[in-house]
2 protein chains.
Amino acid sequence: MTELENYIHSYFKVFPDELTVISSLFKLTSLKKGGYFLKPGQICDLLSFHKSGYMRVFQPKGDKKITQWISYKGFFITDLRCIHFNQPTPYYMQALTDCEFYTITRDEYKSLADRLPRWHEIEKLCIASYFTVMEDRVFNLLSMPAAERYQHLLNEHPELFNQVPLQYLASMIGMSPETLSRLRKSTR
Amino acid sequence: MTELENYIHSYFKVFPDELTVISSLFKLTSLKKGGYFLKPGQICDLLSFHKSGYMRVFQPKGDKKITQWISYKGFFITDLRCIHFNQPTPYYMQALTDCEFYTITRDEYKSLADRLPRWHEIEKLCIASYFTVMEDRVFNLLSMPAAERYQHLLNEHPELFNQVPLQYLASMIGMSPETLSRLRKSTR
DNA sequence: GCTATTTCTTGATCTATATCAAAAGTACCG
DNA sequence: CGGTACTTTTGATATAGATCAAGAAATAGC
């Protein structure tokens, strides 16, 4: 069973033959360190499942780059704005390390629903779960001081601290790199 | 055409007979000012479309109450955590004014998909659009100072400033009521 | 309509976190 | 390897926004 099949199987009740249909359409693709999966203004026409490596999703704001998210093994990657509403993305998505994905194009993706009637439902559940993650992030940003946001990220995604430049993590949880550095020092 | 039919029709390509099926299942319900739509620990078993009035979604944190969202005419109201993943809600949802909704129970909701094959797709698109709203909120919280967050809310949802206590709006955009008061003064 | 209660404003402080600057550490590349 | 360029740390200072406290205004209840 591929990671993709495994992931879908572990989250949603899907029959083996449905799994096979899904994973037969996704093709293994890769991106070299530093390469861009997506740039602002483009219309994302891919849906990828992250197999290995780390990718940074960020958006420029003035002379800053705001890191929105770090994707790694187990996440789906796309821009819903593009795939579903045909709008250009505001994001850069850049590989921080060499990355591998299972990838489907937008056209294949559209045909997936024809071949697999439950696909919309699976996708709905997947997007719903990501929605609740975003709800929690908003709550955390509204309610937690910097120290608590740092602790929370450390608990939820400890592996990021070994693999990703700390300045990007600082941005992702809404603080300066200096503040993150001091928080790390104070809990050592 | 009811507000609900109108809303769905304006966002998604749905046939008239599909619309009729959808709106025949939703029943008009209401909630008095101060009443609770949902309290923490409950499992939300309703999906409502907001017809009139204002409702505050908030979550306690220490001795604070963090306002997560203000719902009004045109929003769907539920907790995805409950409806899709059967988990208890962390939220209070309380009517700030008398409210009316078009409401469907969870069981009817489950049967909707049987009667209307495209329902999962419609729902998926709806959740996807809410997801992008949350993405933008996270970006705004990460990248904007208080004054800019205030301006942004004022531009996007000006009606809230007449209908909703300002302290709740302040909480929703991550600042103290005093700060919001001063920002309002400075742009008058 | 009048009082009680809640909400909003204003001013005076305080503090968490940003910014700036430079040193120390680490990774990359010819 | 050894130098160049990033990244992280550390210290000094600045500042946005919080908190505290009190008065003014609005709203709700009788």
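Chain identifiers are assigned alphabetically (A, B, ...) following the order of the sequence lines, protein sequences preceding nucleic acid strands; residue numbering begins at 1 within each chain.
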Task: Interatomic distance where CZ belongs to A:R56 and C1' belongs to D:dT7 [whole Å] - done: 13 Å
- [ ] Verify the contact: side-chain N or O of A:K185 to OP1 or OP2 of D:dT10, cut-off strictly under 4.0 Å; return yes or no.
- [x] yes
- [ ] May I have the distance from A:L180 (atom CG) to C:dT19 (atom P), rounded to whole angstrom?
- [x] 15 Å
TODO: For A:D63, enumerate each residue passing the side-chain contact (heavy atoms from CB on, under 4.5 Å) test, keeping only those at least two apart in sequence or located in another chain.
DONE: none
Open item on the list: Side chains of A:R81 and B:T132: any donor to acceptor distance under 3.5 Å?
Closed with: no
TODO: Can you tell me the distance, in whole Å, between the NZ atom of A:K64 and the C1' atom of C:dT17?
DONE: 12 Å
Open item on the list: What's the closest nucleotide to the side chain of A:R182 if the choices are C:dT9, C:dT19, D:dT9?
Closed with: C:dT19
- [ ] State, without any angle test, whether A:Y72 and A:E159 hold a side-chain donor-acceptor pair at a distance under 3.5 Å.
- [x] yes
Task: Flag for A:S52-A:E100: side-chain donor and acceptor within less than 3.5 Å - done: yes
Open item on the list: How about NZ on A:K27, more than 12 heavy atoms from neighbouring residues, nucleotides or ligands closer than 6.0 Å, or not?
Closed with: yes
TODO: To the nearest Å, give me how far apart CG (B:L141) and P (D:dG17) are.
DONE: 12 Å
Open item on the list: Tell me whether B:D98 is salt-bridged to B:K32, with the criterion being a basic N under 4.0 Å from an acidic carboxylate O.
Closed with: yes
Open item on the list: Nearest whole Å is fine: how far is C:dT10 P from B:R184 CZ?
Closed with: 10 Å
Open item on the list: Could you tell me how far apart B:D98 (CG) and D:dA28 (C1') are, to the nearest whole angstrom?
Closed with: 14 Å
Task: Comparing B:K33 and A:Q167 on DNA chain D - which has the more 5′ nearest nucleotide - done: A:Q167
Open item on the list: Using whole Å, what does the distance between atom P of nucleotide D:dT7 and atom CZ of A:F161 come to?
Closed with: 17 Å
TODO: With a 4.0 Å heavy-atom cut-off, tell me which residues in residues 168-179 of chain A come close to DNA chain C, sorted by residue number.
DONE: A:G174, A:M175, A:S176, A:E178, A:T179
- [ ] Using atom CG of B:N162 as one end and atom P of C:dT7 as the other, report the distance to the nearest whole Å.
- [x] 17 Å
Report all side-chain donor-acceptor pairs from residues 115-127 of chain A shorter than 3.5 Å, counting only partners two or more places apart or in another chain.
unit_1 : atom_1 : unit_2 : atom_2 : d
A:R118 : NH1    : A:K13  : O      : 2.8
A:R118 : NH1    : A:E18  : OE1    : 3.1
A:R118 : NH2    : A:K13  : O      : 2.8
A:W119 : NE1    : A:E123 : OE1    : 3.3
A:H120 : ND1    : B:K124 : NZ     : 2.9
A:E123 : OE1    : A:Y109 : OH     : 3.1
A:E123 : OE1    : B:K124 : NZ     : 2.8
A:E123 : OE2    : A:H84  : NE2    : 3.2
A:E123 : OE2    : A:Y109 : OH     : 2.3
A:K124 : NZ     : B:H120 : ND1    : 2.9
A:K124 : NZ     : B:E123 : OE1    : 2.8

